[in-house]
Every structure is written in structure tokens, then in C-alpha cells.
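First the proteins, then the strands, lettered A, B, ... as listed; each starts at 1.
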Number of protein chains: 2
Amino acid sequence: MTTRQRGRPRSFDRLTALEQATMAFWEHGYETTSVSDLTRAMGISAPSLYAAFGDKRTLFEEVVEAYAGSYGAYGGRAFAEEPTARGALGRLLREAADVFTDPSHPRGCLMISAAVNCSTPEVEEALRERRNRNLASFEARIRAGAEAGELPAGTDAGALARFCGAVLQGMSQQARDGATRTELEAVAEIAMLAWPQAGVPVAATGKAPEAGKARETPAGRGA
Amino acid sequence: MTTRQRGRPRSFDRLTALEQATMAFWEHGYETTSVSDLTRAMGISAPSLYAAFGDKRTLFEEVVEAYAGSYGAYGGRAFAEEPTARGALGRLLREAADVFTDPSHPRGCLMISAAVNCSTPEVEEALRERRNRNLASFEARIRAGAEAGELPAGTDAGALARFCGAVLQGMSQQARDGATRTELEAVAEIAMLAWPQAGVPVAATGKAPEAGKARETPAGRGA
DNA sequence: CCAATTCTATAGCGGGCGCTACGCAAAGTG
DNA sequence: CACTTTGCGTAGCGCCCGCTATAGAATTGG
């Protein structure tokens, strides 16, 4: 039935236009990117935009969804492929340093920065919920790691997850403020030094200092 | 000469109005706070605002300056009063957790969040420069601490300063995303665990896991 | 008192915002 | 071909933006 459309075919590629809208929103944020900016970036006129994507807010939601599945997918890959919580979050932070400073697209993270100072509550809330969902997944992974014995029993999974989230968000803003890839990678390495040492109990009452595994990463280097 | 004005006296308190403008900009950011929002918050009409403060941008600059000397002064106090680099930056992060979640004013840090996604380049740049100046002062303090022997000789002052800045900026956004004071204090404590341990060399050739001093803070707790 | 000075209030300027009505262009269907 | 369906382009809607012209109100100096 939908093998072929009835009327005049669309004169632009919808996915390409979506990608160009992504770049615009990524660079300037939701509110600051006007529909006029979007039509210019996408190479189409306003009625075409509205016909293909609904209104500005709906377009942004589609942009965010596509972003999460492409540029923002490194976190999910790290979680899927790394066996330990430390390995997953360390890789997430290190890859974020690369993505946030990749010269082929705007700096930082769209989900972190695009709805800051946004006067449309639904948009602000949608991205906030995504961030808090990510935080919850960090926590779940850390808790699972602790229960599996990778991390000391007293580890506060919620606090450690929030710490990683704060570093990630800080790295995004630092990237937008001009930090280099190397500088952000160093930040990621330092952040991983805050993780509980294998075999070192986290509570002050000092117990069960058994060996555990070795450090996964060398971590502290000069320069 | 200026003991008394010649004409009709101002009918509002300039400092009070400035404070109310600060709250508005702090909550919604530079761009999102309209002049109409400002006049409502300050309780004056537009011509009075322009006569007393110049234009919107000049008012914002005055707001930022006042903010830096009041709500944002905790960093300078920590630097002035704490004898060591670790003490200064640890206190800065801990006090930031309190300020960022103080219920008597908007959450987070105005200098960090108010010019994100701002289409006025001068405003965005002014706050970015302030942040980068703060980062440079972190680095100078850490470098001085390393030269004084507080920290291992190989310590990368720039990277450690940037790490602290990233945590601070991340804490600001987390506060705006709803994190509690207690949660942010835990983030600050964890961040301080990444600092080089006294007596432990920073270079990575994997040795010397000797005891070192006890941790400065217990850090990870349950709940 | 009157004149000069300074602040306040109303009302509105030009312009950009998100969005859309409308008529034409380009395709499929008989 | 005529007819329907759908996308495109122009042009412009109502609204809010930052900002200000103008006139009246409140004060000091003479």
C-alpha cells in the first residue's frame, strides 16, 4: 500500500535534514535555535519543515532521540561491552572526552547542554529526565558490580554514580569552554582515581582488605 | 557636591532592585530573562530600569560582578583561609554543595549556567573568561602546593585543576537537576579521593602500594 | 512663588519569533 | 487527457522582544 506515494515526492532527504537540525540544536541549544536558523541549516522552507517534522518541539524530540542512538550511544556500548562497572564507566568517560571534542561536530553533549536556560518546561524536563535516567543506570551498574564483588561492599553506588555524572557534565561544559581532547582525557583518568581501590575497604573501620583484582588502568601519570 | 540630588529622588532602592535582578538571571539565565521579566521582578518600569542600569547587558554585567562578590565569594574565602591546596579546593567543593542547593535562592551557579546557549557572544564570552580565570587560579594554587611539597612532585596541576573545575560545573548542573545538598557533598568528598595520596608517587610504573597516610575522609558510606 | 532638574508611567517603535493560509508545482490514477 | 494527492514557496499572521519618545510628578535652588 505505501509502496509509492500518491502526490509530489519530497525534494529533500529527511534524514539529512534531521542531521542538519541536530547540528544546529547541538551548537546553539533548543531555545536559541530559531525556526529561521533551522530552515537555513536544513536547506528547506518553513512549511516543509512543519510538514515533515511537526513543530519545533517535535523536531527537537526527534533530534534528541536520533542523537541518543548515534553520537550519544558510546555510553550504551561501554555498558554492553565492558565486563566490570569500573571498566564501563572509565571507558564512558574516556570516550566522552573524544566525542565532546570531535572537530566534525559541535562540542560537548547535546543532552547535557541544549536545554539549559530553556523557557519551555517540557523540553527542559525531557532532557533532565534523560540525564537522571542515565544517572540511575550508572548507579545500577555500580551496585551490580559491588554485589558481584568487583567493588568493596561498603561502596555508595548512588554517590559514585552521581560523581561520574557530574564529571561527565563538567567535561561537556569544559569542552564548550575550549578544553582539548587531551585535557579532557586527563580529567577522565583523574576521576577514575576516586574509585575505591581494589582490596581497600571503603568504610573507615578497616576490614576485609583481601587482595581483589589489580588496578584496571594505570591511572595516575604525570603530564 | 553629591550630598543631595537636585531633582526627584529615585523611588526604589537600587541595591534591592539589583538583587532581584540577580535572582531572575540566576534562575532563568541571561537570554531567557526578558526585560519584562526583570521589571516585574524588580518592581519598576522599563524606563526606570534603563535609567538606573543602562541596558540589559550592562545590568547583567553588574549582576555578575555583585554575584561574584557575594554568593560566589566562597571560593576566594577558601583560597584565602585554607593553608593547603587540597584544603582550599576541598573546602571550595564542599561549600559549593551547600550554596548550590541553598533554598533561599536559585540552584546551581550563575556564572556557570546563566550564559549557556546564549546568542549574545559578549555575554557568553564574559562568563567563559571568568570560568577559565577561576580554572587558572585553581591551577596556580595546586602548582604552588606541589612546589611547597604538599603534593607529589609529578602532580599535573593543570589537569587536577581542570578536574576540580569539571566537578564544580557538574555539581552546578546536578543541583539544577534536583540533587540534594547531601548528595552533592558526597560528590565533593569522592572527588577529593582522586587527589594524589601523600607519600604515594604519581608516576605509574606500578609499585610502592605502601600504606601511606589514612584517607582524609571516610568518603563512601551506605545509603 | 517659579524655574530647573530628575525620576516615573504610558504607550508604542522596529524587528524577530513560532507558525500557517494560500496558490502553484509535481507526482500518481483513471 | 482530467483529477486527486501531496510538497513547495511566498507572504504574512499575532505576539513578544529590547528599547525609547513623551509627558507628567516630585524634588531642589532661587
Side-chain angles (χ1 to χ4, degrees), chain A residues 1-18 20-21 24-25 27-63 114-115 117-124 126, chain B residues 1-18 20-21 24-25 27-63 114-115 117-124 126:
Chain A
M1 12 168 69
T2 54
T3 57
R4 199 79 172 94
Q5 320 279 17
R6 274 269 303 180
R8 174 175 174 174
R10 187 177 281 133
S11 69
F12 60 94
D13 181 57
R14 198 179 182 282
L15 283 179
T16 303
L18 187 69
Q20 286 156 335
F25 279 131
E27 173 119 42
H28 300 110
Y30 173 73
E31 201 98 313
T32 314
T33 305
S34 70
V35 171
S36 158
D37 292 333
L38 288 167
T39 57
R40 196 178 315 116
M42 301 162 85
I44 62 179
S45 61
S48 297
L49 186 155
Y50 281 85
F53 298 102
D55 61 0
K56 183 184 170 186
R57 225 183 78 196
T58 310
L59 168 58
F60 182 72
E61 283 167 15
E62 191 170 343
V63 159
N117 296 323
C118 178
S119 65
T120 313
E122 297 88 344
V123 172
E124 184 161 26
Chain B
M1 15 171 64
T2 54
T3 56
R4 201 78 174 94
Q5 321 279 17
R6 275 269 301 180
R8 173 175 174 174
R10 187 176 281 132
S11 69
F12 60 93
D13 181 58
R14 198 179 182 282
L15 283 179
T16 303
L18 187 69
Q20 285 157 336
F25 278 132
E27 174 120 41
H28 301 110
Y30 174 74
E31 202 98 312
T32 314
T33 305
S34 69
V35 172
S36 158
D37 292 333
L38 288 168
T39 57
R40 197 179 314 113
M42 301 162 86
I44 63 180
S45 60
S48 297
L49 186 155
Y50 280 85
F53 297 101
D55 62 359
K56 183 185 171 186
R57 226 183 77 198
T58 310
L59 168 59
F60 181 71
E61 285 167 14
E62 191 170 342
V63 159
N117 296 323
C118 177
S119 65
T120 312
E122 297 89 343
V123 171
E124 185 160 27

Rounded distance (Å) that lies between atom [atom2] of [N] and atom [atom1] of [X]:
{"X": "L38(B)", "N": "dC17(D)", "atom1": "CG", "atom2": "C1'", "answer": "12 Å"}
{"X": "E31(B)", "N": "dG16(C)", "atom1": "CD", "atom2": "P", "answer": "14 Å"}
{"X": "L59(A)", "N": "dG18(C)", "atom1": "CG", "atom2": "C1'", "answer": "13 Å"}
{"X": "D37(B)", "N": "dC17(D)", "atom1": "CG", "atom2": "C1'", "answer": "11 Å"}
{"X": "R14(A)", "N": "dG7(D)", "atom1": "CZ", "atom2": "C1'", "answer": "14 Å"}
{"X": "H28(A)", "N": "dC17(C)", "atom1": "NE2", "atom2": "C1'", "answer": "17 Å"}
{"X": "R57(B)", "N": "dC17(D)", "atom1": "CZ", "atom2": "C1'", "answer": "17 Å"}
{"X": "M42(A)", "N": "dG18(C)", "atom1": "CE", "atom2": "C1'", "answer": "15 Å"}

- Query: Between Y50(A) and dC19(C), does any side-chain N or O lie under 4.0 Å from OP1 or OP2?
  - Reply: yes
- Query: Across the strands shown, which category fits T33(A) at heavy-atom distances under 4.0 angstrom: base, sugar-phosphate, nothing?
  - Reply: sugar-phosphate
- Message: On a heavy-atom basis, which atom in N117(B) and which in A115(A) lie closest, and how many Å separate them?
- Response: ND2-N, 4.1 Å
- Message: Give me the atom names and distance for the closest heavy-atom approach of T39(B) to S45(B).
- Response: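 T39(B) and S45(B) have their closest heavy atoms at CG2-C, 3.9 Å.
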- Item | Test salt bridge (charged side-chain N to carboxylate O under 4.0 Å, His left out) applied to D37(B) - qualifying residues, sequence neighbours left out | R40(B)
- Heavy atoms, side chains only, cut-off 4.5 Å: are L18(B) and L59(B) in contact?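 Of all side-chain heavy-atom pairs linking L59(B) with L18(B), at least one is under 4.5 Å.
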- Do the non-hydrogen side-chain atoms of F25(A) and K56(A) ever get within less than 4.5 Å of each other?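 Yes, close enough: below the 4.5 Å cut-off.
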- Item | Under 4.0 Å protein heavy-atom contact, by nucleotide of nucleotides 2-15 of chain C - B base, S sugar-phosphate only | --BBBBSBB-----
- Message: According to side-chain hydrogen bond (donor to acceptor under 3.5 Å, both in side chains), who are the partners of E62(A), at least two apart in sequence or on a separate chain?
- Response: R14(A)
